[in-house]
Peer 1: 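Dumping the structure here so I can ask a few things about it.
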Amino acid sequence: MYNNAKKKLKQCSLAFLSFILLFLLATFIFHRISLEKEKASLTPMGQQVLVDGHQMNVYVEGNGPETIVVLSGAGIASPILDFKEVSESLSKRYKVVIVERAGYGYSDDSNHSRDVIEVLSETRQALSQANVKGPFIILSHSMASLESLAWQEKYPDEVKTLVGLDWALPASYENLKQNQALITVVFWNSKIGLLRYFPESFYIKNPTLIETERKQYKILAYK
């Protein structure tokens, strides 16, 4: 009897594992097909510039005498739409520029290192290609504090002021590097397309977006 129960348990476990694998495979296939279809629905906001072999998106609003560069934190699908209220408000007095890093918003992904100095180099190149000149007021959010601090340290003549929104401390970068398990889970969740099963409220945090903007945000989040 014990052996029979053990055998049934093993069979159930194998059946459950098979179901999970088939579910993930089906989700992945559906996700890849959907991504191809959704490309046609993307309506980029901003200017596309070529940086190190990939396209980066630079959004400019307003034409004030001083330039604010907005750098979003990690894991934001659409910096332009997430910071919509901020850019609309500040653009009445300033030129507001939102640089979407590789893999964010309408920018292409990149196989280059995501080290802070590499990311900073791409940001500066994108601004140069878009003909946006400093010195800049850097408005950085969360993990972007690391990029803005490096910017001020390496190129002080380009940075007029640093403004922090819920800044992460430099130690956070080391902690993030050590937490490889979480990074791996997030990576595969993105590749497989599991986000499609989550409610919009999980990843769309800006309640002021109109319906067309929410649709764009969903597509960008899936991408």
Side-chain angles (χ1 to χ4, degrees), residues 42-52 54-108 110 112 114-170 172-173 204-210 212-214 216-217 220:
L42 280 175
T43 52
M45 305 166 61
Q47 177 183 352
Q48 296 278 310
V49 295
L50 187 64
V51 175
D52 291 342
H54 60 273
Q55 295 288 336
M56 285 183 66
N57 196 56
V58 180
Y59 175 79
V60 180
E61 185 174 2
N63 54 8
E66 295 181 294
T67 301
I68 297 177
V69 174
V70 179
L71 302 176
S72 74
I76 290 181
S78 176
I80 292 172
L81 293 176
D82 264 305
F83 287 92
K84 176 188 171 186
E85 289 179 285
V86 174
S87 61
E88 284 182 348
S89 177
L90 292 175
S91 66
K92 295 171 184 176
R93 293 183 54 192
Y94 302 89
K95 175 187 285 187
V96 181
V97 184
I98 300 177
V99 180
E100 295 189 314
R101 299 184 193 85
Y104 285 67
Y106 297 103
S107 294
D108 292 341
S110 169
H112 293 284
R114 293 299 84 197
D115 182 80
V116 169
I117 301 303
E118 178 72 26
V119 172
L120 172 59
S121 173
E122 292 181 356
T123 297
R124 294 177 65 247
Q125 289 180 65
L127 289 169
S128 177
Q129 295 278 26
N131 200 31
V132 177
K133 304 183 184 302
F136 307 113
I137 298 170
I138 310 296
L139 178 62
S140 55
H141 166 236
S142 190
M143 292 295 287
S145 62
L146 309 176
E147 184 180 353
S148 57
L149 289 170
W151 201 339
Q152 184 184 48
E153 181 179 348
K154 290 181 68 68
Y155 308 101
D157 292 342
E158 297 178 7
V159 180
K160 184 174 183 179
T161 308
L162 289 182
V163 180
L165 297 176
D166 192 23
W167 265 14
L169 298 175
S172 303
Y173 189 50
I204 300 180
K205 302 300 183 182
N206 188 347
T208 68
L209 299 181
I210 61 176
T212 54
E213 292 171 336
R214 294 180 73 84
Q216 284 291 293
Y217 199 108
L220 290 170

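Heads up: numbering here begins at 1 and tracks the sequence.
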Peer 1: Please enumerate all residues that pass salt bridge (charged side-chain N to carboxylate O under 4.0 Å, His left out) together with Arg93, with sequence neighbours excluded.
Peer 2: none
Peer 1: At what distance, to the nearest 0.5 angstrom, does OG of Ser142 lie from CG of Leu165?
Peer 2: 10.0 Å
Peer 1: Report the residues that fulfil side-chain hydrogen bond (donor to acceptor under 3.5 Å, both in side chains) with Glu85, sequence neighbours left out, ordered by chain and then residue number.
Peer 2: none
Peer 1: Answer yes or no: is there a side-chain heavy-atom contact under 4.5 Å between Leu162 and Trp167?
Peer 2: yes
Peer 1: Taking only residues two or more places apart in sequence or in another chain, which ones pass side-chain contact (heavy atoms from CB on, under 4.5 Å) with Thr161?
Peer 2: Ile137, Val163
Peer 1: Just jot down the side-chain hydrogen bond (donor to acceptor under 3.5 Å, both in side chains) partners of Lys133, sequence neighbours excluded, or say none.
Peer 2: Asn131
Peer 1: Write out all pairs satisfying salt bridge (charged side-chain N to carboxylate O under 4.0 Å, His left out) with one or both partners inside residues 117-129, taking only residues at least two apart or from two chains.
Peer 2: Arg114-Glu122, Arg124-Glu158
Peer 1: Can you name the side-chain hydrogen bond (donor to acceptor under 3.5 Å, both in side chains) partners of Tyr59, sequence neighbours left out?
Peer 2: Glu61
Peer 1: If you look only at distance, which donor and acceptor atoms sit under 3.5 Å apart when one is on a side chain in residues 66-83 and the other is two or more places apart or in another chain?
Peer 2:
residue: Glu66; atom: OE2; partner: Lys160; partner atom: NZ; Å: 2.2
residue: Ser78; atom: OG; partner: Leu81; partner atom: N; Å: 3.3
residue: Asp82; atom: OD2; partner: Tyr217; partner atom: OH; Å: 2.5

Peer 1: Please identify each residue that fulfils side-chain hydrogen bond (donor to acceptor under 3.5 Å, both in side chains) with Glu147, with sequence neighbours left out.
Peer 2: Arg101, Thr123
Peer 1: Any chance you could measure Ile210, atom CD1, to Gln216, atom CD, to the nearest 0.5 Å?
Peer 2: 10.5 Å
Peer 1: Under the rule for salt bridge (charged side-chain N to carboxylate O under 4.0 Å, His left out), what residues qualify as partners of Lys84, not counting sequence neighbours?
Peer 2: Glu213
Peer 1: Quick check: do His54 and His112 have side-chain heavy atoms less than 4.5 Å from each other?
Peer 2: yes
Peer 1: Looking at side-chain heavy atoms only, is the closest gap between Phe136 and Leu127 below 4.5 Å?
Peer 2: yes
Peer 1: Apply side-chain contact (heavy atoms from CB on, under 4.5 Å) to Ile117 and list each qualifying residue two or more places apart in sequence or on a separate chain.
Peer 2: Asp115, Ala150, Lys154
Peer 1: Tell me, please, which residues at least two apart from Tyr106 pass ring-ring contact (aromatic ring centres under 6.0 Å, His included).
Peer 2: none
Peer 1: Using only heavy-atom distances, determine whether the side chains of Ser148 and Gln152 contain a donor-acceptor pair under 3.5 Å.
Peer 2: no
Peer 1: Would you please name every residue forming a salt bridge (charged side-chain N to carboxylate O under 4.0 Å, His left out) with Glu88, sequence neighbours left out?
Peer 2: none
Peer 1: Measuring only between side-chain heavy atoms, which start at C-beta, is Leu146 closer than 4.5 Å to Leu120?
Peer 2: no
